[in-house]
Each structure stands twice: as structure tokens, then as C-alpha cells.
Amino acid sequence: MTVPSLPVRLEAVIFDWAGTLVDFGSFAPTKVFVEAFAQFGMNVSLEQARGPMGMGKWDHIRTLCDEPAIASQYEATFGRLPTDDDVTAIYERFLPMQLEKVAQYSAAIPGAVEVLNTLRDRGLKIGSCSGYPRSVMDRVIERAATEGIAPEYIVASDEVPRARPAPAMALKNVVELGLADVAGCIKVDDTAPGIEEGRRAGMWTVGLLLSGNAAGLTLEEYRNLDAAGRDAARARANQELSGVAPHFVIDTIADLPAIITEIESRLAAGQRP
């Protein structure tokens with residue numbers, strides 16, 4: 001017996017923060033990771049620091065410490081490979097540095113405020129989640145609110161049992177926003193773990209190519225790219241996100257409204273993520 005699928009309407013968009021709504025290029029976490037590891041005698045590049053971006057920050061540090069090139073530096077200094085206790089020590093050094101600097105880097109990404117207003121005008125709810133712990137998120141939220149960014153719901157990585165790429169943060173948004181169906185949600189993110197989070201939660205996913213971690217550009221660098229430079233940056237970012245297969249990719253949040261219209265059309269035609 002075939003059970004007919006119930007109609008689904010688009011209800012909400014759930015956003016990542018750094019590299020998606022604020023902090024063009026996602027520099028607040030990456031630069032602090034580099035500085036924190038340096039205090040333990042390890043030379044970590046920005047490119048290496050960007051690798052696990054999107055995870056909770058303790059998990060991010062654990063992943064970096066598991067990289068042979070980084071682990072060998074730790075072993076040369078301390079005579080052992082980094083344990084979970086060592087990861088916690090790095091995290092505890094990282095956290096106050098992140099708290100000090102996160103607001104400095106968390107300016108709204110151009111177009112973010114206008115897009116959020118457009119979504120609300122279309123009757124959509126705005127949720128969000130982040131790889132930051134709550135203590136850091138509070139600083140980001142405070143800065144973002146001064147620029148008009150204030151989602152209806154926000155969940156931090158330390159407020160669920162398992163953060164990205166597990167679906168818990170995205171699904172907590174579904175519960176707290178009172179949504180009817182995960183297929184009526186869109187997850188927007190600039191990292192592979194964040195896109196995977198949305199897919200595991202059963203949502204539509206939109207990957208950001210040029211504003212976030214995948215491209216790693218400052219706003220000035222982005223604005224100074226010629227057409228060929230943008231194409232090259234898109235190709236690099238597409239390659240990074242391709243493994244988690246976002247349903248759509250766009251350059252920045254400013255390009256999202258057209259995708260909203262497309263997803264609404266697909267839902268009306270009976271399609272699901």
C-alpha cells in the first residue's frame with residue numbers, strides 16, 4: 001500500500017553564524033586557533049585551522065591534534081602525542097582568547113540584514129546554530145544585534161549532546177520554533193560539517209562559496225576579485241563542499257532569496273530534500 005505524501009510548506013531557514021551571517025571569511029575562530037596552538041609550541045597554518053571548521057571547538061582542536069604534522073610537533077615538545085586532557089588544555093587556552101576577540105571579527109556580512117527581513121516578510125521563521133559554545137555566542141549575539149541580526153532561536157554547540165556534523169542543533173531549532181516538518185526547513189552554512197548537519201536532519205541545504213570558511217577571503221579580497229578570480233575561488237569552495245552534496249550553492253547570503261523561491265516551487269510540486 002502506497003501512503004500519499006502530505007503537502008509541505010516552507011516554514012523556516014536555519015543559519016550558521018561565522019562566515020554565513022557575520023564574520024566574512026570566518027576569521028574569528030581560525031586566527032585564534034593559530035594563536036592558541038602557538039602557545040603550546042605548535043605551528044598551525046590558517047589553512048590547517050580551517051580544515052575542521054563547523055565542528056564544536058573542542059572537537060575541532062581534537063581533530064587538529066590528530067593530524068600527523070601537528071601531533072608530531074606536540075610530541076617533539078612534550079614527549080607524547082596529545083591526549084584528550086591535552087586537547088582540553090589547549091581548548092581552555094583558546095576559549096578566553098576567543099571571547100576577547102570574537103566581537104572584533106563579527107561584523108554583519110553585507111546583505112544579511114536585508115535577507116533576514118525579506119524572509120520574515122515572506123512569513124518564514126529564522127533559526128540559527130553555531131560551532132561556538134554559548135559563552136562565545138553571547139558575545140557574537142550582542143554584536144550582531146546592534147546591526148539588526150536577531151534570529152528567533154539560537155543554539156550553541158555545547159547545548160546539545162553531539163554537535164555538528166550530528167543533526168542535534170538543527171533539530172533543536174525545529175523543536176523550539178514549533179515547526180511541522182523538517183522538509184519545510186532550509187539549513188544555510190559555509191562549512192561541510194554544517195551542510196552535513198542539515199542533510200542528516202532531513203532539511204534542504206544551501207552552501208555558501210565565497211563568504212565563508214571554504215574560500216577564506218576577507219571582505220576586501222572578495223570585493224577586489226575579478227571574474228576569473230571569483231570563478232577560481234568558487235571552484236575551490238565547491239570542491240570542499242562537494243563531498244556533503246548541498247542541494248544548492250550560492251556566493252553569499254545576499255543571493256539566498258532566489259533559492260527560497262526555487263525551494264518553495266519544489267515543495268509545491270511535491271518534492272522533498
Side-chain angles (χ1 to χ4, degrees), residues 13-35 37 43-55 60 63-64 67-70 101-102 104-116 130-132 164-165 186-199 203-263 273:
V13 184
I14 300 168
F15 291 94
D16 174 50
W17 280 82
T20 300
L21 292 173
V22 301
D23 185 7
F24 200 103
S26 197
F27 283 97
T30 49
K31 288 188 175 181
V32 178
F33 278 127
V34 170
E35 293 172 14
F37 273 82
N43 181 22
V44 175
S45 69
L46 272 176
E47 182 178 1
Q48 287 173 312
R50 287 187 181 280
M53 196 62 67
M55 292 181 170
H60 189 131
T63 301
L64 289 175
E67 288 192 14
I70 296 173
K101 296 190 176 184
V102 68
Q104 172 187 340
Y105 290 103
S106 294
I109 289 174
V113 174
E114 294 80 4
V115 167
L116 295 187
S130 175
Y132 286 135
R164 299 168 182 159
I186 303 170
K187 176 67 198 304
V188 183
D189 207 294
D190 64 297
T191 68
I195 295 297
E196 186 174 352
E197 170 196 23
R199 291 202 66 109
M203 300 175 178
W204 300 94
T205 55
V206 179
L208 301 179
L209 298 179
L210 298 185
S211 69
N213 183 69
L217 300 167
T218 67
L219 180 58
E220 182 179 6
E221 288 170 339
Y222 164 73
R223 286 173 168 165
N224 288 337
L225 287 176
D226 58 16
R230 290 198 180 195
D231 285 344
R234 285 189 194 102
R236 291 194 303 271
N238 250 320
Q239 183 174 11
E240 183 169 326
L241 296 181
S242 62
V244 290
H247 296 92
F248 302 92
V249 291
I250 55 178
D251 286 353
T252 77
I253 188 175
D255 304 312
L256 186 61
I259 301 300
I260 300 294
T261 300
E262 173 66 20
I263 291 174

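Computed from a predicted model, the values in this text were never measured in an experiment. Only heavy atoms go into these numbers, but all of them, side chains included; no hydrogens, no water, no symmetry mates.
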Once rounded to the nearest 0.5 Å, what's the spacing between atom CG of Leu21 and atom CD1 of Ile253? 5.0 Å
To the nearest 0.5 Å, how far apart are CG in Asn213 and CZ in Phe27? 9.0 Å
Kindly indicate whether the side chain of Pro29, heavy atoms from C-beta on, has any atom under 4.5 Å from the side chain of Tyr132. yes
Got a sec, which residues hit side-chain contact (heavy atoms from CB on, under 4.5 Å) with Ser242, two or more places apart in sequence or on another chain? none
Not counting sequence neighbours, which residues clear side-chain hydrogen bond (donor to acceptor under 3.5 Å, both in side chains) with Lys31? List them please. none
Could you please spell out the steps behind the side-chain contact (heavy atoms from CB on, under 4.5 Å) verdict for Trp17 and Val102? CA-CA 12 Å; Trp17 280 82; Val102 68; over 6 Å; no
From Tyr222 OH over to Leu210 CG, what is the distance, rounded to the nearest 0.5 angstrom? 6.0 Å
Close side-chain approach of Pro257 and Val115, heavy atoms under 4.5 Å: yes
In short, Leu241 meets Ala192 closest at the heavy-atom pair CD2-N, 3.6 Å
Shortest non-hydrogen contact from Phe37 to Ile70? CE2-CG2, 4.0 Å
From CA spacing to verdict: side-chain contact (heavy atoms from CB on, under 4.5 Å), Ile14, Glu197: CA-CA 11 Å; Ile14 300 168; Glu197 170 196 23; over 6 Å; no
Parallel under 30°, tilted from 30 to 60°, perpendicular over 60°: which one fits the rings of His60 and Phe33? parallel
Grab the two heavy atoms, one from Ala254 and one from Pro110, that are nearest each other, plus how far apart they are. CB-O, 4.2 Å
Could you report the tightest heavy-atom contact between Pro193 and Gly54, atom names first, then the distance? CB-C, 4.1 Å
Side-chain contact test, heavy atoms from C-beta onward, threshold under 4.5 Å: evaluate it for Ile259 versus His247 and give yes or no. no
Here the pair of heavy atoms bringing Ala49 nearest to Val34 is CB-CG2, 4.1 Å
Under 3.5 Å, is there a donor-acceptor pair between the side chain of Asp23 and the main chain of Ala28? yes
I'd like to know if the side chain of Lys187 reaches the main chain of Gly194, judged simply by a donor and an acceptor atom lying under 3.5 Å from each other, with no hydrogens or angles considered. yes
Do the side chain of Arg199 and the main chain of Ala245 share a donor and acceptor less than 3.5 angstrom apart? yes
Taking only residues two or more places apart in sequence or in another chain, which ones pass side-chain contact (heavy atoms from CB on, under 4.5 Å) with Ala237? Leu209, Ala214
Criterion side-chain contact (heavy atoms from CB on, under 4.5 Å) on Ile263 and Phe248, from CA distance to verdict: CA-CA 10 Å; Ile263 291 174; Phe248 302 92; 3.5 Å; yes
Checking side-chain contact (heavy atoms from CB on, under 4.5 Å) for the pair Ile109/Thr20: CA distance, chi angles, key distance, verdict? CA-CA 7 Å; Ile109 289 174; Thr20 300; 5.5 Å; no
Expected output: side-chain Asp255 to main-chain Thr252 donor-acceptor under 3.5 Å: yes
Distance, nearest 0.5 Å, that separates CD of Glu196 from CG of Asp189: 11.5 Å
Could you give the distance from OG1 (Thr30) to CZ (Arg50), rounded to the nearest 0.5 Å? 4.0 Å
Measure across Gly19 and Leu208 and return the closest heavy-atom pair with its distance rounded to 0.1 Å. O-CD1, 3.9 Å
Looking at CD1 of Ile186 and CD1 of Ile260, how far apart are the two atoms once the value is rounded to the nearest 0.5 Å? 3.5 Å
